[in-house]
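The structure under discussion appears below in the form of structure tokens.
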Amino acid sequence: MIYILWEFTVAPERVAAFEGAYGGDGVWARLFRLAPGYRETVLVKDKDRSDRYLTIDVWEDRDSYLRFKDRFAGDYEIIDKDCEQLTGGERQIGTFERLG
């Protein structure tokens, strides 16, 4: 399994829309579900900073994720552009593997 982590900052007035779009049943997860190898998306909120979130996208392996990115590049770009307004900032933290 691989875990792709993203960090987001979200303005208070955009929290509900952001949580809806980026949560486990949101627009991103629905797109990811079209690809073999996708497992789940977990959305977590910082306990100390109410504007800070992480998403954890879980994939079977790196190849599954890369095939998804290639096959659905156009759809990904459209959703990314649509969701731009929901965040004040975003950065990919990295791709991680579970140990043990």
Side-chain angles (χ1 to χ4, degrees):
M1 295 286 182
I2 63 164
Y3 302 81
I4 301 170
L5 278 70
W6 286 84
E7 176 185 47
F8 299 91
T9 54
V10 180
E13 66 273 10
R14 303 237 192 271
V15 164
F18 172 83
E19 289 178 358
Y22 285 81
D25 290 321
V27 65
W28 285 108
R30 289 193 304 270
L31 175 63
F32 297 159
R33 280 189 202 112
L34 299 175
Y38 170 73
R39 294 293 169 246
E40 68 175 320
T41 292
V42 178
L43 176 64
V44 294
K45 186 173 187 172
D46 191 316
K47 294 288 283 175
D48 297 319
R49 277 188 47 200
S50 63
D51 69 331
R52 184 172 179 234
Y53 290 81
L54 295 178
T55 59
I56 306 163
D57 300 317
V58 183
W59 290 83
E60 206 169 274
D61 53 43
R62 183 181 290 273
D63 288 340
S64 295
Y65 175 67
L66 293 175
R67 282 191 300 275
F68 157 78
K69 289 278 287 186
D70 185 50
R71 181 175 174 204
F72 293 97
D75 298 290
Y76 189 101
E77 188 175 319
I78 290 168
I79 293 172
D80 193 42
K81 190 154 237 16
D82 289 345
C83 288
E84 252 178 24
Q85 65 185 350
L86 300 179
T87 65
E90 71 177 80
R91 75 178 177 100
Q92 185 173 9
I93 295 172
T95 302
F96 296 82
E97 291 183 316
R98 185 177 194 157
L99 301 177

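Sequence positions, counted from 1, serve as the residue numbers for this chain. Keep in mind the model is a prediction, meaning the values are calculated, not measured.
Classification of R14 and D51 as a salt-bridged pair fails, no side-chain N sitting under 4.0 Å from a carboxylate O.
Nearest heavy-atom pair across G23 and A29 is O-CB, 3.9 Å. Nearest heavy-atom pair, C83 versus V27, reported as atom, atom and distance to 0.1 Å: SG-CG1, 4.1 Å. When all heavy atoms of W59 and P36 are compared, the pair lying nearest together is CZ3-O, 4.1 Å.
Classified by interplanar angle (parallel below 30°, tilted 30° to 60°, perpendicular above 60°), the ring pair F32/F68 is perpendicular. Classification of the Y22-W28 ring pair by plane angle, with boundaries at 30° and 60°, yields tilted.
Between T41 and W6, every side-chain heavy-atom pair lies at or beyond the 4.5 Å cut-off. Side chains of R49 and T9 form a contact here, defined as non-hydrogen atoms less than 4.5 Å apart. F8 is not listed as a side-chain neighbour of L86, based on a closest heavy-atom distance of 4.5 Å or more.
Around atom CG of D61, more than 12 heavy atoms belonging to other residues, nucleotides or ligands sit under 6.0 Å away. The neighbour count for R62 CZ, taken as heavy atoms of other residues, nucleotides or ligands under 6.0 Å away, does not exceed 12.
Annotation: side-chain hydrogen bond (donor to acceptor under 3.5 Å, both in side chains) contacts involving residues 70-81, sequence neighbours excluded, are absent.
To the nearest 0.5 Å, atom CD of residue E40 and atom CG of residue D57 are 9.5 Å apart. The CD1 atom of I2 sits 7.5 Å away from the OH atom of Y65 when rounded to the nearest 0.5 Å.
Clustering ILVMFWY residues whenever any of their side-chain heavy atoms sit less than 4.5 angstrom apart, transitively, puts I56 in a cluster other than the one holding L66. Residues I79 and L43 share a single hydrophobic cluster, defined by chaining ILVMFWY side chains whose heavy atoms lie under 4.5 Å apart. Residues L5 and V44 fall within the same hydrophobic cluster, defined by Ile, Leu, Val, Met, Phe, Trp and Tyr side chains chained together at heavy-atom separations under 4.5 Å. Linking Ile, Leu, Val, Met, Phe, Trp and Tyr whenever their side-chain heavy atoms come within less than 4.5 Å leaves L54 and Y38 in two separate clusters.
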Residues 88-100 side chain polar contacts: donor-acceptor under 3.5 Å, at least two apart:
unit_1: R91; atom_1: NE; unit_2: E7; atom_2: OE1; d: 2.6
unit_1: R91; atom_1: NH2; unit_2: E7; atom_2: OE1; d: 3.4

